[in-house]
Structures are given as structure tokens and as C-alpha cells.
Amino acid sequence: MFKGWVIDKIDGRQTVALQNIDEARLPEGEARVRIDWSTINYKDALALTGKGPVVRQFPMVPGVDLAGHVESSSDPAFMPGDAVFVNGWGLGETHWGGLAERASLKAAWLLKPPAALSLKDIMALGTAGYTAMLAILALENHGLKPGTDTILVTGASGGVGGFSIAFLAALGYKIIASTGRMQEADYLKALGASDVIDRAELSSPGKPLGKERWAGAIDSVGGHTLANVCASTRYDGAVAACGLAQGMDFPATVAPFILRGVTLYGIDSVYKPNDIRRTAWERIAQLLDRTQLERITHERPLADALTVAEELFAGKVRGRVLIKIDA
Ligand SMILES: NC(=O)c1ccc[n+]([C@@H]2O[C@H](COP(=O)([O-])OP(=O)(O)OC[C@H]3O[C@@H](n4cnc5c(N)ncnc54)[C@H](OP(=O)(O)O)[C@@H]3O)[C@@H](O)[C@H]2O)c1
């Protein structure tokens, strides 16, 4: 038996509980992993609270991220005792995920941590840190340059936002942070933002084109915010869209794209091929500042997962929550 959160649907109603689960119920997979760390991402909070249609099959163990040690593997690439981690690949959506003491996984999903990062570091960063780096790679490939270019980061007090700021600051960009929590301005400046703006400036319907304010942006908010972010991106600039905390809609016009040559990049972390994942994690390992990692992250036990999910939607979670699994 092992302990894990289970989301189920009974008579059309979603249930969620921390349960003792028989190992025989684990899904098929080449590798059995004892989980040491997991996290609560926005998507996990949607799944746990039932606020969003994240879970595709019931019963489901939530948790899009996990890190731990291999107990057994039929794939020779992994030996018992190997430290491994997984981000995405449908964990917590179509395959049992990380908010539990055990997982059974496809070997193709497992990565070994870069030398400079522990499993705990990797889960503190989690999908949020890895997605922030994917967004930065898209802006770099577009040609944005530190020193000269200003980048806007929306949803700044969240996980993707916090790591985007920390990494962009380490690279030498000037950063504008947009937040609904102006009381967190000191925290955002400590991460590396030079300016902090109220998200209300961006969250209502705006004009097709605004003043050119930034060369690029990392947006985890969507909705009117993303439309306004594009409208105020400078000529030939780029926006990396990775989230929907305000909404799934995109009520924009084509004006920024056809009159200013702005490029909108879509960022997906879930099904990214492993070579790009490794590149992103190596860049993170090079750039990571441990003081910033500690500033962004809070640790909670597995039993708190549902409470953390509720706190996240109440705007009470700053940065990232790392979940310690005591297997
Ligand atoms: N594409 C991918 O592969 C990928 C990967 C990871 C995450 N995501 C998505 O990215 C988003 C952020 O994820 P996360 O883990 O960083 O979540 P998070 O920690 O909850 O951060 C989201 C932030 O968005 C802001 N926000 C919340 N509600 C808002 C609203 N109604 N209007 C405007 N801003 C709002 C808040 O920041 P302030 O308080 O500072 O305003 C909040 O901290 C989510 O939508 C998530 O699903 C996508």
C-alpha cells in the first residue's frame, strides 16, 4: 500500500481524498518510482479543487511533476536507486501523477537531474521553472537581447512569473512585473524586476495598438491581458504565451501582428521532446541563484495538497509550493 491523493467521479460528482492505495492499482509502466518530492502547479490546483477539466480519466492521482528514485525498471537505461524526475507527459491528467508515494511510469518520460541540481531543487522549480525557461528560449531565439531589451512578465507573483523574473534578471534584461498584488512589489524587485505595475492596467478591454512599452513579454494570464500585452509590444518584438490565469479567451485584433510585426509564441511544456527539456534544464542549472530559489519556494507536506490548492485560488500563495513526500 502507498499513500496518495485520489480524484474520482461518483454519480457525476468529483471527490478528492488522501487514501491508502494498493500498489497493484498502479498503471502500467516500465519504471516504478518512489517519489520524494512533488509540487502544486496551477493545473494541479484546478484538478484538486475540480475548478477546471484537467482530469481526463477517473480515478486519477493528480500531480504534473514528480521526482524520486527508481525502485525497479524493465528499461536498462534506469537502474534501482537512480534519481529521476518527470514534468508533464499527461501526469495528473491521463496518467497517475506525483501527489503520492509511488508512481509507475514510461521510461521515456524520465530524466536524470543535471549535476548542479538536486531532486528537491528540480521540484522547487517544477513545471513552472521549466516553462519559464521554455518561454525565455523562445524570446532569445527570436533575437531579444539583454541590456537593451525590456521584458514584461505577467502573473508575476505566481510560479511561472517568479522564475521568469529571476532568470531574466540573471541574464541581464530589464524587467517590468505585472501583478494584482502590489503589496508584493518588494518581493518582485528582490527577484530582479525594475518596475512593478498593477495588473489592472492590462486586464480590461484595450485599444488594438498602444504605446510601445516592451520588446518582449512572458504571459501566464491570457484573456484581455494577453491582447493588451501584444498591443503594447514594440515593433518586431515577441510575446511568449504560456497560461490562462485570467482566461482562455484571446480578445485581440491582428493589428500588433500585421502593423508592428509582433510575433506570438505558444509555449507548451507538457509534450515537449526530451532534447529541448534537457536544454532548458541545463540553462536553468547554469542560471539558478539559490537565494532566489528559496525566496520563491515554500515547502508543505503531502497532506496539505488540497489546502494549498484552495489557497492558490484565494491569491494566498506567492511563488511556488514544493510538496515533500515522506514515503
Ligand atoms: N503552457 C504550459 O505548458 C504551462 C506550464 C505551466 C503553467 N502554465 C499555466 O501558466 C499559468 C500560471 O501557472 P503558475 O503555476 O505560475 O500559477 P500561479 O502560481 O497560480 O500563478 C498565476 C498568477 O497569475 C496571476 N493571476 C491569477 N488570477 C488572475 C486573474 N484573474 N487575472 C490576472 N492575473 C491573475 C496571479 O499573479 P499576481 O497575483 O502577481 O497578479 C497568480 O499568482 C496557469 O494558467 C498555468 O496553467 C502553462
Side-chain angles (χ1 to χ4, degrees), residues 39-43 45 124-136 138-139 144 146 149-204 206 210 213-233 237-247 265 267 269 284 287-289 291-298 311-322:
T39 70
I40 305 286
N41 293 284
Y42 189 88
K43 196 187 259 181
L125 289 145
T127 284
Y130 149 62
T131 301
M133 183 50 71
L134 292 177
I136 290 171
L139 297 183
L144 297 193
D149 287 335
T150 297
I151 312 273
L152 171 78
V153 175
T154 63
S157 305
V160 175
F163 284 118
S164 296
I165 296 171
F167 298 151
L168 287 167
L171 286 165
Y173 286 94
K174 183 170 182 288
I175 302 145
I176 303 174
S178 163
T179 182
R181 293 180 254 180
M182 290 305 283
Q183 70 275 18
E184 297 293 0
D186 287 346
Y187 159 76
L188 297 170
K189 286 187 174 165
L191 290 183
S194 356
D195 289 305
V196 180
I197 62 171
D198 192 320
R199 76 184 188 202
E201 273 188 45
L202 299 169
S203 58
S204 302
R213 295 175 72 183
W214 33 79
I218 297 178
D219 177 61
S220 49
V221 169
H224 284 297
T225 300
L226 179 57
N228 290 326
V229 167
C230 292
S232 284
T233 299
V239 176
C242 56
L244 43 60
Q246 182 179 12
Y265 290 96
I267 305 299
S269 63
I284 290 171
L287 282 178
L288 189 67
D289 172 336
T291 314
Q292 302 295 39
L293 185 65
E294 277 164 30
R295 194 169 266 138
I296 295 172
T297 315
H298 309 269
E311 288 170 2
L312 189 130
F313 290 123
K316 291 182 186 160
V317 174
R318 184 181 87 181
R320 288 273 299 158
V321 177
L322 172 70

Verdict with reasoning, Y42 to L312, per side chain to side chain contact (heavy atoms under 4.5 Å, CB included): CA-CA 8 Å; Y42 189 88; L312 189 130; 3.8 Å; yes

Pair E311-V321, side chain to side chain contact (heavy atoms under 4.5 Å, CB included): steps then yes or no: CA-CA 11 Å; E311 288 170 2; V321 177; over 6 Å; no

Verdict with reasoning, D149 to L139, per side chain to side chain contact (heavy atoms under 4.5 Å, CB included): CA-CA 11 Å; D149 287 335; L139 297 183; over 6 Å; no

Step-by-step side chain to side chain contact (heavy atoms under 4.5 Å, CB included) determination, R199 to S178: CA-CA 5 Å; R199 76 184 188 202; S178 163; 3.5 Å; yes

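Annotation for S269 and L134: closest pair CA-CD1, 3.7 Å, computed over non-hydrogen atoms. Across all their heavy atoms, A238 and T233 have their closest contact at N-CG2, 3.8 Å. Closest approach of G192 and I175 over heavy atoms only: O-CD1, 3.6 Å. A pairwise comparison of heavy atoms in R320 and N41 identifies NH1-OD1, 2.8 Å as the closest pair. In terms of heavy atoms, G155 sits closest to V221 at N-CG2, 3.7 Å. Taking both residues in full, the closest heavy atoms of A240 and I267 are given as CB-CG1, 3.9 Å, listed atom of the first, atom of the second, then distance.
Put simply, CE on M133 and CG on L287 are 5.0 Å apart, with the number rounded to the nearest 0.5 Å. Summarising the geometry, atom CD belonging to Q292 is positioned 10.5 Å from atom OG1 belonging to T297; distances are rounded to the nearest 0.5 Å. Interatomic distance, CG of L152 versus OG of S164, reported as 10.5 Å (0.5 Å rounding). Taken to the nearest 0.5 Å, the CD1 atom of I176 stands 11.0 Å off from the CD1 atom of I165. Atom OG of S203 is separated from atom CG of L226 by 13.0 Å, given to the nearest 0.5 angstrom. Rounding to the nearest 0.5 Å places CD1 of I151 at 8.5 Å from CD1 of I136.
Residues L288 and L125 have side chains in contact (heavy-atom distance under 4.5 Å, counting atoms from C-beta outward). With a 4.5 Å cut-off on side-chain heavy atoms, D195 and T150 do not count as touching.
Not counting sequence neighbours, the partners of R213 by the salt bridge (charged side-chain N to carboxylate O under 4.0 Å, His left out) test are E201. In this view, E294 satisfies the salt bridge (charged side-chain N to carboxylate O under 4.0 Å, His left out) rule with no residue, not counting sequence neighbours.
Within the structure, ring-ring contact (aromatic ring centres under 6.0 Å, His included) pairs that include any residue of residues 165-191 comprise F163-F167 (at least two apart or interchain).
A donor atom on one side chain and an acceptor atom on the other are found under 3.5 Å apart for T225 and Q246.
Looking at R181, its side chain does come within 3.5 Å of a backbone N or O of G315 through a donor-acceptor pair. In this structure, the side chain of W214 does not engage the main chain of G237 through any donor-acceptor pair within 3.5 Å.
Of the residues D219, T179, N228, the one that meets the side chain to side chain donor-acceptor pair (under 3.5 Å) test with T154 is D219.
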